[in-house]
Amino acid sequence: MPHLALYTFGVLKSPLADPAPLTRAFHDSGEAIYQTISRHPGYLAHAEAADGEAGSHFDLDWGAWGEFAVPAWYGKGRTVETTALAASLSLWTGLRPAFDAIYTGLHREALNRRYDWFERTEHPNHVFWWVSDDVIPTWREGVSRLEQLRDHGSAPHAFTFRHPFAPDGTPTTIKGIGPASDGVR
């Protein structure tokens, strides 16, 4: 059975290493959010640095998830002191479990504060695509899919909650999916 890959990307207003209370609040919430989401029904896995390494996203070994990559529009730093981004790459059993995990609980609370932490852009902030159950998506693939979504809109190979597709490539709808704005214009 296919799995659903999800890549998310946002540009932060200040670097992750910034000691300001607002940046610290964002950074500190991450661990609790990942723990909560990882227990959610339908969650399969997310990209983690091998051996729990610390450092810049760009310098870490991501194992099977591949070399870390970002969209062409990211123009901020790439060192521990200057990196100003939040990105995730994860696998799910389907759209409904991903939607429920993202739009409830701690993650929903964080989404409500996203404009405190993230720059507003005209670029999409997430993209989905289906993979066979033996595939681990890569960071580069996530970036490619997000850029395809930006350039061409939702399609079976790169889509959003608002305009989802089934594993066979047909448009689908799922009751309750379709937040007011998913960042795609």
Side-chain angles (χ1 to χ4, degrees), residues 1-13 26 29-30 32-48 65 69-74 85-133 135-185:
M1 177 171 220
H3 293 155
L4 186 67
L6 168 61
Y7 172 72
T8 66
F9 184 82
V11 179
L12 294 165
K13 290 181 177 179
F26 169 76
S29 67
I33 289 170
Y34 270 122
Q35 286 179 5
T36 301
I37 284 180
S38 71
R39 292 188 303 266
H40 200 279
Y43 166 87
L44 297 171
H46 73 272
E48 293 183 273
W65 301 89
V70 294
W73 63 80
Y74 176 72
L85 63 85
S88 69
L89 183 57
S90 57
L91 281 170
W92 297 85
T93 58
L95 280 164
R96 179 89 249 171
F99 183 87
D100 290 345
I102 291 166
Y103 287 100
T104 59
L106 290 176
H107 195 271
R108 177 71 222 180
E109 291 173 26
L111 281 177
N112 289 340
R113 297 193 60 197
R114 67 186 171 270
Y115 296 123
D116 291 342
W117 300 321
F118 293 93
E119 293 180 358
R120 292 178 187 241
T121 71
E122 294 297 316
H123 305 292
N125 57 25
H126 76 278
V127 64
F128 290 106
W129 68 100
W130 293 100
V131 298
S132 61
D133 63 359
V135 169
I136 296 176
T138 67
W139 289 108
R140 288 190 188 278
E141 187 176 14
V143 167
S144 175
R145 304 281 179 146
L146 191 69
E147 290 174 342
Q148 289 172 22
L149 177 66
R150 179 203 60 205
D151 294 344
H152 305 290
S154 282
H157 61 276
F159 55 92
T160 65
F161 278 128
R162 180 172 279 203
H163 301 285
F165 288 82
D168 68 4
T170 59
T172 189
T173 57
I174 298 175
K175 186 176 180 174
I177 291 184
S181 172
D182 62 8
V184 178
R185 305 235 187 297

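It should be emphasised that the depicted structure is a prediction, and the values quoted were computed from it without experimental measurement.
When E147, E141, Q148 are each tested for a side-chain hydrogen bond (donor to acceptor under 3.5 Å, both in side chains) with R145, only one passes: E141.
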* To do: For side chain to side chain contact (heavy atoms under 4.5 Å, CB included), just list the numbers for F159 and L95, CA-CA rounded to whole Å, side-chain angles, deciding distance to a tenth of an Å, and then say yes or no.
  => CA-CA 11 Å; F159 55 92; L95 280 164; 4.1 Å; yes
* Verdict with reasoning, H157 to W129, per side chain to side chain contact (heavy atoms under 4.5 Å, CB included) -> CA-CA 5 Å; H157 61 276; W129 68 100; 5.6 Å; no
* To do: Just do the side chain to side chain contact (heavy atoms under 4.5 Å, CB included) check on F118 and N125 with the steps written out, would you?
  => CA-CA 10 Å; F118 293 93; N125 57 25; over 6 Å; no
* **Full working for side chain to side chain contact (heavy atoms under 4.5 Å, CB included) between R150 and W73** => CA-CA 11 Å; R150 179 203 60 205; W73 63 80; 2.8 Å; yes
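Listed for the T170 side chain is no donor-acceptor partner under 3.5 Å among the backbone atoms of A166. Checked by atom type and distance alone, the side chain of T36 pairs as donor or acceptor with a backbone atom of A32 at under 3.5 Å. Within the 3.5 Å criterion, the main-chain N or O of I102 finds a donor-acceptor partner in the side chain of H107. Using a distance-only test at 3.5 Å, with no hydrogens or angles considered, a donor-acceptor pair links the side chain of W130 to the main chain of F165. Between the side chain of T172 and the backbone N or O of P164, no donor-acceptor pair lies under 3.5 Å. Side-chain atoms of R39 come within 3.5 Å of backbone N or O of Q35 as a donor-acceptor pair.
Proximity of V131 to P2: side-chain heavy atoms (C-beta onward) are nowhere separated by under 4.5 Å. Side-chain atoms of S144 and Y7, non-hydrogen and from C-beta on, never get closer than 4.5 Å to each other. The closest side-chain heavy-atom distance from W92 to I37 is below 4.5 Å. Residues H40 and D100 have side chains in contact (heavy-atom distance under 4.5 Å, counting atoms from C-beta outward).
Considering every non-hydrogen atom in both S88 and Y34, the closest pair reads CB-OH, 3.4 Å. When every heavy atom of T138 is checked against every heavy atom of L89, the shortest pair comes out as C-CD2, 3.4 Å.
Using bins of under 30°, 30° to 60° and over 60° for the plane-to-plane angle, the ring pair H126/F128 lands in the perpendicular bin.
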